[in-house]
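Have a look at the structure below before the remarks.
One is the number of the first residue; the rest follow in order along the sequence.
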Amino acid sequence: MAGPLEQFEIKPLAELSVAGIDVSFTNSALWMVLAAVLVTCFMTLSMRRGALVPGRWQGAAEVMYEFVANMLKDNVGTAGRKYFPFIFTLFMFVMFGNLLGMIPHSFTFTSHIAVNFALALVIFVGVTVIGFMRHGTHYFRMFFPEGAPIATAIILIPIEIISYFSRPFSLAIRLFANMTVGHIMLKVIGGFVGLIGILGVLPFALLTGITVLEFGIAALQAYVFTILTCIYLHDAIHMH
C-alpha cells in the first residue's frame, strides 16, 4: 500500500527547462488548469440561456453568485462591489480545487503550501496596494489604531506590523493544514479497510463519515479563505 504522504508528491508530466530553470508541467499544474476549466465551463454553460425560471444548473450558479455577493457586501460594503469578479473567482477556484481532490487518484493542489502561499501573497499585495491607493501614506495608521494613547505606540506598532505581515502565512497554512490532514486520515483509514477486508465494517463506516465530513471541509475552507480575503479588503478600504 502506498504511504499516506505519497498522494501529495508533485510529479512532472512534461519536463521543460527555460534558461536553466525547471518549468515542467506537473500533476499539480494539470489539476489547477482543470479546476479553472471546470469553473469556466460550469458558469458559462449554466448561464448561457439565462432563463427567467432557472433550471438546476442555472439555479446552482445563481446560488453561488448570490452567496459570494452577500459575503462581500456584508464584510466590505458597497465599496467592495468592484472587486466581486476577483473574490468570486477566488472562491470558485479554491472550492473546485478542494472538491477535485476528493476524486480517487486525483491531486489536491490546495494541500501544497506553495500553491496556497502564492494565492495568499497575491491577495496580500493586492490589498496593500488598494490600501495605499485609497489612503496614501495615511494607510500607515493601520499599524497604530485611532484613539490609542501615544504611550502605547512602542507596544502596539510592532504587534500590528507582525499581525499584518502574518496574513499571507495565516491564509496559506490554514488551508494547507486542513486539506492535508483530512486526506491523510482518509488514506490511513482506507488502508485499514483494505487490510482488514470483510471485518472492516467499522473502519468502512468511519471512512464514509470522514469522507462526507471532508466534502464539507472542502467547501468550508474555500469559504474561510474567501471571507478572510474580504475582511482584509475591508481593512484596506475602511481601515480600522
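Atom-to-atom distance recorded for Gln221:CD and Asn98:CG is 7.5 Å, nearest 0.5 angstrom. Distance check: Leu233 CG to Thr226 OG1 gives 12.0 Å after rounding to the nearest 0.5 Å. Rounded to the nearest 0.5 Å, atoms OG1 (Thr78) and CG (Leu72) are 10.0 Å apart. A distance of 10.5 Å separates CZ of Phe88 from CE of Met71, quoted to the nearest 0.5 Å. Distance CE/Met179 to CG/Leu175: 6.5 Å, rounded to 0.5 Å. Here the CD-CZ distance, from Glu160 to Arg141, works out to 11.0 Å after rounding to the nearest 0.5 Å.
Sequence neighbours left out, the pairs with a member in residues 23-41 that pass side chain to side chain donor-acceptor pair (under 3.5 Å) are Asp22-Ser24.
If you run ring-ring contact (aromatic ring centres under 6.0 Å, His included) between Phe91 and each of Phe84, Phe67, Tyr223, only Phe67 comes through.
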Would Val76 and Ile87 count as a side-chain contact (heavy atoms from CB on, under 4.5 Å) here? Give the steps.
CA-CA 11 Å; Val76 185; Ile87 298 297; over 6 Å; no
ring-ring contact (aromatic ring centres under 6.0 Å, His included) assessment of Phe109 paired with Phe93
CA-CA 11 Å; Phe109 59 82; Phe93 180 71; 5.2 Å; yes
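Ring to ring, Phe132 and Phe140 are close: their centroids are under 6.0 angstrom apart. Aromatic rings of Phe124 and Tyr164 (six-membered ring for Trp) have centroids within the 6.0 Å cut-off, being under it. Phe169 and Phe117 have their aromatic ring centers within a separation under 6.0 angstrom.
Counting only heavy atoms from C-beta outward, the side chains of Phe107 and Leu30 never approach each other to under 4.5 Å. Side-chain atoms of Arg174 and Leu228, non-hydrogen and from C-beta on, do get closer than 4.5 Å to each other. Residues Asp235 and Arg167 have side chains in contact (heavy-atom distance under 4.5 Å, counting atoms from C-beta outward). Within the 4.5 Å cutoff, the side chain of Lys73 has no heavy atoms near those of the Arg81 side chain. The shortest distance between side-chain heavy atoms of Val115 and Phe176 does not fall below 4.5 Å.
Cluster annotation: Val63 is not connected to Leu38 through the hydrophobic network of ILVMFWY side chains, with a link wherever side-chain heavy atoms come within less than 4.5 Å. Criterion: ILVMFWY side-chain heavy atoms under 4.5 Å apart, direct or through other members. Under it, Phe225 and Val122 are not part of a common hydrophobic cluster. Hydrophobic cluster membership differs between Ile103 and Leu213, with clusters built from Ile, Leu, Val, Met, Phe, Trp and Tyr side chains linked at under 4.5 angstrom. Residues Ile157 and Ile162 do not share a hydrophobic cluster, clusters being chains of Ile/Leu/Val/Met/Phe/Trp/Tyr side chains in contact below 4.5 Å. Under the 4.5 Å side-chain heavy-atom criterion for Ile, Leu, Val, Met, Phe, Trp and Tyr, Ile159 and Met142 are members of distinct hydrophobic clusters.
The closest donor-acceptor contact from the side chain of His234 to the backbone of Thr229 lies at 3.5 Å or more, if one exists at all. A distance-only check finds a donor-acceptor pair linking the side chain of Ser166 to the backbone of Ser163 [under 3.5 Å].
Between Val127 and Tyr232 the shortest heavy-atom distance is CG1-O, 3.4 Å. When every heavy atom of Tyr83 is checked against every heavy atom of Ile237, the shortest pair comes out as CE1-CD1, 3.8 Å. Leu99 approaches Ala218 most closely through the heavy-atom pair CD2-CB, 3.8 Å. Nearest heavy atom pair, residue Thr152 against residue Pro149, reads OG1-O, 2.6 Å. Here the closest heavy-atom approach between residue Asn116 and residue Thr110 is recorded as ND2-O, 2.7 Å. Across Ala120 and Leu171, no two heavy atoms sit closer than the pair CB-CB, 3.8 Å.
Among residues two or more places apart in sequence or in another chain, the side-chain hydrogen bond (donor to acceptor under 3.5 Å, both in side chains) test is passed with Ser111 by none. For Phe42, the side chain to side chain contact (heavy atoms under 4.5 Å, CB included) partners two or more places apart in sequence, or in a different chain, are Ser46, Trp57, Ala60, Ala61, Met64, Met92, Phe96.
In Ile154, the CD1 atom is not crowded: 12 or fewer heavy atoms of neighbouring residues, nucleotides or ligands sit closer than 6.0 Å.
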